[in-house]
Amino acid sequence: MKQGMSEERAISERTVAFHTLGCKVNQYDTQAMRERFERAGYRTVGFDEAADVYVVNTCTVTGTGDKKSMQTIRRCHRRNPNAAIVVTGCLAQRAADELTLPGVRLVLGTQRRAEVVELLEQALGQDCALIAVSTLRRAPFERLTVHANEGHTRATMKIQEGCDRFCSYCIIPSVRGPIRSRPLDDIRAEARSLADEGFAEIVLTGIHLTSYGRDMGGEVALTDAIRAVHEVDGIRRIRLGSLEPVIVTPAFVEELKGLPKACHQFHLALQSGSDTVLRRMRRRYTSGEFLTSCRLLREAFDDCTLTTDVMTGFPGETEEEFAQTMATCESAGFARMHVFPYSEREGTKAAQMEGSVPKALREERARRLIALGRELERAALEARIGKTEEVLFEETDEAGRSAGYTGSYLRVSATGGWPGAIRRVRLTGIENGELVGECEPETHTNM
């Protein structure tokens, strides 16, 4: 081998390090690649260590994602100039030719990750970087089964890939391709495997989760995927990734009510609370319809929490339109908000729109929205004080205090728990931005 990995060196001594930028789908893809390297005999080390191979799973949703991805690649080369760098993910799919930087031996994109080790070995046998970016037009769902995940309590499972919504600001359909849904039998099989590994909670995720099943002739829908996991013994909770509010119909809510393992935390992507901005974004709902979705969920589930993504400074956004977004967020009563300024993406409709908002104003509006988000989050936590909820504990500190999450994804710290246990906890207050409480002594389940 070249680049510091000699032919004589035993494969068991080779090291690989991983860094993931962006969404939970990327996190899942990284874990799948990590397992493939480890099965091939590589040893995983921390990303801040010198490694023989670095795998950087990139993001291109925003300009910030691009910048961080490029910085990370260069940092790998500085850390070990002899290392082989693998660049994969959305930026690799969009701009492969720009990523043949010093040390980069393989540019992989958003397909063929199951072949990552073989492709790297092939790249190391030639004098230039290998670009293995595949067309996405007819790509099937890429089977990247994961057998281990976040600690030993919660696992992420990707069940959907691609998007065909083509929102005016979004580059993702171009880098992830059309909708592809994972077959139900595959979902059941991986859920059983994860249950056997001891995972109590599964997070179902995808690029556009709401579209699950639409490529299957309308015969299955997202609730069928939830039900497939629900049937697996040992899985105690099913959490959903980001949803479009249009999926929240009375029928959808009724189906969820019949699936008690489904968690009552819903991430509904708002993006803007102004109807005129939503139209320019090519979103397929109004602020009123969004709030109706919120109401349906709150009426159905007493312990419901709502989280969201919101963008500021979209082209043409006026102060009045921004005020409408503030008002919509306040009405929705989000427990957590991910706020980010608009970032131009070459190749999108929005990048050609007039009325560009100065970046300083985008950022100033983001700060105002973040401040509102903190107020709403505090109110959501205060509303839980005095209630008793089940907490799945994930970690214990040196003082013997355990931390975990309620079904509505509120972090709780209490004594009397342990990783993998689900305990009923009486919530007594707030410390350092999270709920604290006391475990009820009689009822508990050891996972």
Side-chain angles (χ1 to χ4, degrees), residues 19-27 56-75 87-99 109-110 162-163 165-177 207-208 241-242 244 267-274 276-284 307-319 321-322 324-326 328-329 334 336-373:
H19 186 79
T20 307
L21 297 106
C23 62
K24 280 191 174 292
V25 174
N26 264 13
Q27 293 171 19
V56 181
N57 199 353
T58 62
C59 175
T60 193
V61 170
T62 65
T64 300
D66 285 356
K67 183 178 179 181
K68 288 182 177 179
S69 296
M70 299 294 275
Q71 289 174 339
T72 302
I73 295 164
R74 293 188 174 99
R75 190 162 69 247
V87 183
T88 184
C90 291
L91 180 59
Q93 184 71 35
R94 183 180 71 81
D97 291 339
E98 299 174 20
L99 297 174
T110 57
C163 181
R165 300 290 88 180
F166 289 96
C167 297
S168 64
Y169 55 83
C170 188
I171 196 69
I172 292 302
S174 300
V175 296
R176 285 285 183 173
I207 293 298
H208 193 258
S242 180
E244 291 282 312
H267 188 90
L268 302 180
L270 175 61
Q271 305 302 355
S272 174
S274 164
T276 48
V277 174
L278 287 171
R279 283 197 295 272
R280 296 200 298 276
M281 288 180 167
R282 296 181 63 180
R283 302 292 284 178
R284 304 183 185 209
T307 59
T308 198
D309 300 314
V310 192
M311 184 188 305
T312 62
F314 187 77
E317 184 186 62
T318 65
E319 191 62 34
E321 288 172 329
F322 175 70
Q324 291 165 356
T325 293
M326 292 279 285
T328 301
C329 291
F334 296 117
R336 193 172 299 110
M337 292 164 52
H338 174 221
V339 179
F340 54 100
Y342 167 73
S343 178
E344 289 84 355
R345 297 284 75 198
E346 184 180 349
T348 64
K349 296 281 187 182
Q352 309 302 319
M353 289 181 179
E354 297 180 353
S356 177
V357 177
K359 289 185 178 180
L361 183 54
R362 301 178 203 179
E363 294 168 357
E364 190 271 334
R365 287 176 179 170
R367 287 192 292 271
R368 288 159 62 187
L369 205 50
I370 289 168
L372 172 62

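In what follows, every heavy atom counts, from backbone to side chain, and hydrogens, waters and symmetry copies are set aside. Note that the structure is predicted; figures quoted are calculated from it, not measured. Residues: numbered from 1 along the sequence shown.
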Under 3.5 Å donor-acceptor pairs involving side-chain atoms of residues 90-97, not counting sequence neighbours:
residue : atom : partner : partner atom : Å
Q93     : OE1  : T110    : N            : 3.0
Q93     : OE1  : T110    : OG1          : 3.3
Q93     : NE2  : S134    : O            : 3.0
R94     : NE   : T60     : OG1          : 2.9
R94     : NH2  : D66     : OD2          : 2.8

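- Atoms CD1 and CE, from I370 and M337 in turn, are 8.5 Å apart once rounded to the nearest 0.5 Å.
- A donor-acceptor pair is defined here as one N or O able to donate and one able to accept, closer than 3.5 Å; no such pair exists between the side chain of N26 and the backbone of T20.
- From T62, atom OG1 reaches atom CD of E344 across 11.0 Å, with rounding to the nearest 0.5 Å.
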- Message: With side chain to side chain contact (heavy atoms under 4.5 Å, CB included) as the criterion, how do Y169 and Q271 come out once you've worked through the C-alpha distance, each side chain's angles and the decisive distance to 0.1 Å?
- Response: CA-CA 11 Å; Y169 55 83; Q271 305 302 355; 3.4 Å; yes
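- Looking at L99 and M70, their side chains come closer than 4.5 Å, going by heavy atoms from C-beta outward.
- The shortest heavy-atom contact between K68 and T72 is O-OG1, 2.7 Å.
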- Item | side chain to side chain donor-acceptor pair (under 3.5 Å) assessment of S356 paired with R362 | CA-CA 10 Å; S356 177; R362 301 178 203 179; 3.3 Å; yes
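- Considering only heavy atoms from C-beta on, T325 stays 4.5 Å or farther from V277 through its side chain.
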- Message: Quick one, R176 with V25, criterion side chain to side chain contact (heavy atoms under 4.5 Å, CB included). Give me CA distance, side-chain angles, the key distance, then yes/no.
- Response: CA-CA 11 Å; R176 285 285 183 173; V25 174; 3.9 Å; yes
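- Closest of all the heavy-atom pairs between P315 and Y342 is CD-CE2, 3.7 Å.
- The CE atom of M311 sits 10.5 Å away from the CG atom of L270 when rounded to the nearest 0.5 Å.
- Residues E363 and P341 have side chains in contact (heavy-atom distance under 4.5 Å, counting atoms from C-beta outward).
- To the nearest 0.5 angstrom, C329 atom SG is 6.5 Å from L372 atom CG.
- Among R280, R365, Q324, the single residue meeting the side chain to side chain donor-acceptor pair (under 3.5 Å) criterion with E317 is R365.
- Considering SG of C167 and CZ of R283, their distance stands at 4.5 Å, rounded to 0.5 Å.
- No side-chain heavy atom of T64 sits under 4.5 Å from any side-chain heavy atom of F340.
- Evaluated for a side chain to side chain donor-acceptor pair (under 3.5 Å) with H338, the options D309, T308, T307 yield exactly one hit, D309.
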- Item | Verdict with reasoning, S168 to M353, per side chain to side chain contact (heavy atoms under 4.5 Å, CB included) | CA-CA 10 Å; S168 64; M353 289 181 179; 3.8 Å; yes
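- Ion pairing of R165 with E244 is absent here, as no side-chain N (NZ or NE/NH1/NH2) approaches a carboxylate O to less than 4.0 Å.
- Without hydrogens or angle criteria, S343 side chain to G63 main chain gives a donor-acceptor distance under 3.5 Å.
- Counting all heavy atoms, side chain and backbone alike, T348 lies closest to R345 at OG1-O, 2.7 Å.
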- Item | Verdict with supporting geometry, R368 and T312, side chain to side chain contact (heavy atoms under 4.5 Å, CB included) | CA-CA 10 Å; R368 288 159 62 187; T312 62; over 6 Å; no
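- There is no side-chain donor-acceptor pair under 3.5 Å between S274 and S272.
- Other residues, nucleotides and ligands contribute at most 12 non-hydrogen atoms within 6.0 Å of the CD atom of E346.
- Once rounded to the nearest 0.5 Å, the distance linking CD1 of I172 with CZ of F166 reads 11.5 Å.
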